[in-house]
Amino acid sequence: MNRKKSVIIIGANGQLGYDLKQVFADWKVVSLNGPPEKDIDIRDEESIKKAFQKTKADFVINTAAFTDVPKCEEVKEFAYQVNSLGAKNVARACREKGFALIHISSDYVFDGKKHSPYTEDDGPHPLNHYGFTKLEAERLIRKETDSYYILRTSGLYGKAGCLVKGENFVDKMLRYAEEKQDIRVVDDEILTPTSSLQLAKQIRRICEERPDPGIYHATNQGQCSWYEFAKEIFHLTGKKVVLTAVHQKDFPSQVLRPLYSVLENRNLNIRDLDVMDDWHDALKEYLEQKGLLRKHLL
Ligand SMILES: NC(=O)c1ccc[n+]([C@@H]2O[C@H](COP(=O)([O-])OP(=O)(O)OC[C@H]3O[C@@H](n4cnc5c(N)ncnc54)[C@H](OP(=O)(O)O)[C@@H]3O)[C@@H](O)[C@H]2O)c1
């Protein structure tokens with residue numbers, strides 16, 4: 001009989017972690033949560049060793065990160081410890097145990113100066129500390145192990161919401177629709193919003209096919225501004241709101257963000273492995289699952 005394949009999910013209670021657990025339900029899944037549950041703290045090598053001790057895994061999926069972009073500017077050393085050194089620690093433990101690593105990185109490794117989708121061959125140049133820590137993670141992982149898949153994604157939303165932000169962008173817009181008279185959303189940051197469920201399915205495909213190790217862009221298809229994304233959310237849910245397009249500079253945030261961070265899934269496409277839908281369809285799927293899609297669109 002075939003041995004059941006196994007996967008360790010680090011950050012299993014996070015937004016992506018939640019969907020990974022569903023998508024890998026027929027595999028042996030070891031779910032590891034960070035502080036405060038403390039199955040694992042990726043800043044601590046001993047804690048990783050202990051968590052991996054009695055486990056065999058075909059893949060380790062590291063979703064763990066400190067994802068609060070503005071806060072990363074305030075607690076720079078902490079963000080570096082989790083996002084960069086933590087990723088390095090996981091990569092080292094994977095090499096020692098002979099596990100393949102899937103690590104999640106970000107579109108924020110780019111500066112947004114390009115006007116066409118970034119491929120895996122484009123040079124990164126992060127604008128903010130979060131992006132810097134994610135890029136450092138990529139560099140450190142590649143020094144530690146040859147058996148890695150670094151998946152860069154963007155604008156994630158999923159059923160579990162983003163833990164540090166408390167809710168994802170879609171849910172936030174739907175809450176605003178109930179609470180606010182006038183909703184202002186930036187129209188000059190262009191990206192590809194990505195469903196964490198679809199990303200989890202993409203990760204599963206990679207685990208099944210085991211392509212060459214390397215960096216892979218993995219987002220839904222197409223592109224939009226946050227304003228256009230919000231507009232589509234309200235259209236699909238039938239919410240009547242006053243939605244105003246504003247510019248990045250109109251918001252008081254001190255954090256620089258790329259104005260254009262669309263990624264092309266070139267390395268997946270070349271290998272015929274891209275399973276990601278257009279972002280409109282992925283959003284529809286998400287809203288339908290939540291029972292929020294307008295009846296006539298079902
Ligand atoms: N959200 C986005 O828009 C976005 C965009 C591009 C890339 N990404 C990347 O995608 C990945 C998943 O994001 P997400 O939205 O699922 O984030 P999330 O909901 O905030 O989940 C992050 C997870 O990291 C865990 N964690 C934090 N510090 C840890 C530590 N020291 N040790 C162990 N676990 C720790 C948290 O576990 P506990 O809460 O249990 O501590 C949480 O489960 C991240 O690597 C992120 O950088 C996200």
Side-chain angles (χ1 to χ4, degrees), residues 8-21 23 31-48 50-52 60-72 75 77-90 93 101-110 118 126 128-138 141 149-172 189 191-200 202-203 215-220 226 229 257-258 261-263 279:
I8 295 173
I9 302 172
I10 305 179
N13 278 346
Q15 181 164 241
L16 176 60
Y18 174 88
D19 286 316
L20 284 166
K21 283 185 285 187
V23 166
S31 296
L32 298 175
N33 296 303
E37 279 185 37
K38 271 218 172 283
D39 301 319
I40 192 168
D41 183 343
I42 60 168
R43 293 171 298 167
D44 174 7
E45 288 193 71
E46 283 310 311
S47 150
I48 303 172
K50 210 168 140 206
F52 284 8
V60 171
I61 307 173
N62 181 28
T63 76
F66 185 61
T67 54
D68 186 327
V69 176
K71 196 94 188 169
C72 281
V75 289
E77 180 54 31
F78 176 77
Y80 183 74
Q81 279 177 19
V82 178
N83 293 351
S84 311
L85 298 181
K88 182 196 83 173
N89 293 339
V90 173
L101 171 65
I102 297 189
H103 177 85
I104 313 304
S105 190
S106 167
D107 54 336
Y108 277 20
V109 300
F110 294 114
Y118 284 95
N128 57 44
H129 189 64
Y130 170 75
F132 166 76
T133 62
K134 296 299 285 184
L135 182 60
E136 269 294 285
E138 295 186 1
I141 288 169
Y149 299 94
I150 292 169
L151 267 58
R152 292 185 186 139
T153 193
S154 85
L156 279 188
Y157 61 92
K159 223 171 167 183
C162 188
L163 273 183
V164 289
K165 296 172 200 154
E167 62 192 346
N168 63 49
F169 182 83
V170 182
D171 296 343
K172 189 176 182 176
E189 272 176 45
L191 76 160
T192 308
T194 296
S195 147
S196 58
L197 176 61
Q198 296 219 341
L199 178 59
Q202 181 66 68
I203 292 171
I215 295 181
Y216 288 83
H217 288 178
T219 66
N220 282 121
W226 287 110
F229 187 39
R257 294 169 193 261
S261 64
V262 179
L263 307 181
W279 71 264

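Keep in mind it's a predicted model, so treat the numbers as computed, not measured. Position 1 is the first residue of the sequence; numbering continues from there. We count ligands from 1, going down the list as the structure has it; atoms in each ligand are counted the same way. Keep in mind that the numbers below use all heavy atoms, side chains included, and drop hydrogens, waters and symmetry copies.
- When only interatomic distances are considered, the shortest N/O to N/O separation between Ile42 and ligand 1 falls below 3.5 Å.
- Ring-plane geometry between Tyr149 and Tyr216 is classed as tilted, the angle between the planes lying from 30 to 60 degrees on a 0 to 90 degree scale.
- Near Ile40, meaning under 4.0 Å from any of its heavy atoms, are these atoms of ligand 1: 32 (N), 33 (C).
- Interface atoms of ligand 1 facing Gly155, defined by a heavy-atom separation under 4.0 Å, are 3 (O), 5 (C).
- Checking only distances, Ser106 never comes within under 3.5 Å of ligand 1, N or O to N or O.
- Checked by atom type and distance alone, the side chain of Asn33 never pairs as donor or acceptor with a backbone atom of Asp39 at under 3.5 Å.
- Phe110 and Arg152 get closest at one heavy-atom pair: CZ-NH1, 3.4 Å.
- Within ligand 1, the atoms closer than 4.0 Å to a non-hydrogen atom of Asp41 are 30 (C), 31 (N), 32 (N), numbered from 1 in the order shown.
- By heavy-atom distance, the residue among Asp44, Thr63, Asp39 lying nearest atom 44 (C) of ligand 1 is Thr63.
- Geometrically, ligand 1 and Asp107 share no nitrogen or oxygen pair separated by less than 3.5 Å.
- The shortest N or O to N or O distance between Tyr130 and ligand 1 is below 3.5 Å.
- Pairing each heavy atom of Thr192 with each of Trp279, the nearest pair is CG2-CB, 4.4 Å.
- Proximity to Lys134 (heavy-atom distance under 4.0 Å) selects the following atoms of ligand 1: 44 (C), 45 (O), 46 (C), 47 (O).
- An N or O contact shorter than 3.5 Å is missing between Ser154 and ligand 1 by distance.
- Here CD1 of Ile102 is found 6.5 Å from CG of Leu151. Values are rounded to the nearest 0.5 Å.
- The proximity of Ile104 to ligand 1, defined as any non-hydrogen pair under 4.0 Å, involves the side chain as well as the backbone.
- A distance-only check finds a donor-acceptor pair linking the side chain of Thr194 to the backbone of Asn220 [under 3.5 Å].
- Heavy atoms only, all atoms of each residue included: Ile9 and Leu20 are closest at CD1-CB, 3.7 Å.
- Counting heavy atoms closer than 4.0 Å to ligand 1, residue Ser105 contributes backbone atoms (N, CA, C, O) but none from C-beta onward.
- Some N or O of Gln15 is nearer than 3.5 Å to an N or O of ligand 1, by distance alone.
- Taking all atoms of both residues into account, the shortest heavy-atom contact from Asp41 to Lys38 is OD2-NZ, 3.9 Å.
- Asn62 contributes no side-chain N or O that, together with a main-chain N or O of His103, makes up a donor-acceptor pair within less than 3.5 Å.
- Contact annotation: for Leu156 versus ligand 1, heavy atoms closer than 4.0 Å belong to both the backbone and the side chain.
- Within a 6.0 Å radius of NZ in Lys21, more than 12 heavy atoms belonging to other residues, nucleotides or ligands are found.
- Within the listing of ligand 1, atoms 28 (N) sit less than 4.0 angstrom from a heavy atom of Val82.
- Taking every heavy atom of both residues into account, Ile40 and Ala51 meet most closely at CD1-CB, 4.0 Å.
- There is a side-chain donor-acceptor pair under 3.5 Å between Glu138 and Ser105.
- Near Gly14, meaning under 4.0 Å from one of its heavy atoms, ligand 1 places the atoms 19 (O), 21 (O), 43 (O).
- Under 4.0 Å from ligand 1, not a single heavy atom of Arg152 appears.
- Look at Gly86 and you'll find every heavy atom at least 4.0 Å from all atoms of ligand 1.
- Here's the thing with Ala65: one of its N/O atoms is less than 3.5 angstrom from an N/O atom of ligand 1.
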TODO: Show the numbers, then the answer: is there a side chain to side chain contact (heavy atoms under 4.5 Å, CB included) between Asp107 and Tyr118?
DONE: CA-CA 9 Å; Asp107 54 336; Tyr118 284 95; over 6 Å; no
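- Geometrically, ligand 1 and Gly34 share a nitrogen or oxygen pair separated by less than 3.5 Å.
- For a threshold of 3.5 Å applied to N or O pairs, the pair formed by Ala12 and ligand 1 contains no separation below that value.
- Close N/O approach between Leu16 and ligand 1 is found [any backbone or side-chain N/O within under 3.5 Å].
- The shortest heavy-atom contact between Tyr18 and Lys159 is CE2-CB, 3.8 Å.
- Interface of Gly11 with ligand 1, defined as ligand atoms under 4.0 Å from a residue heavy atom, comprises 43 (O).
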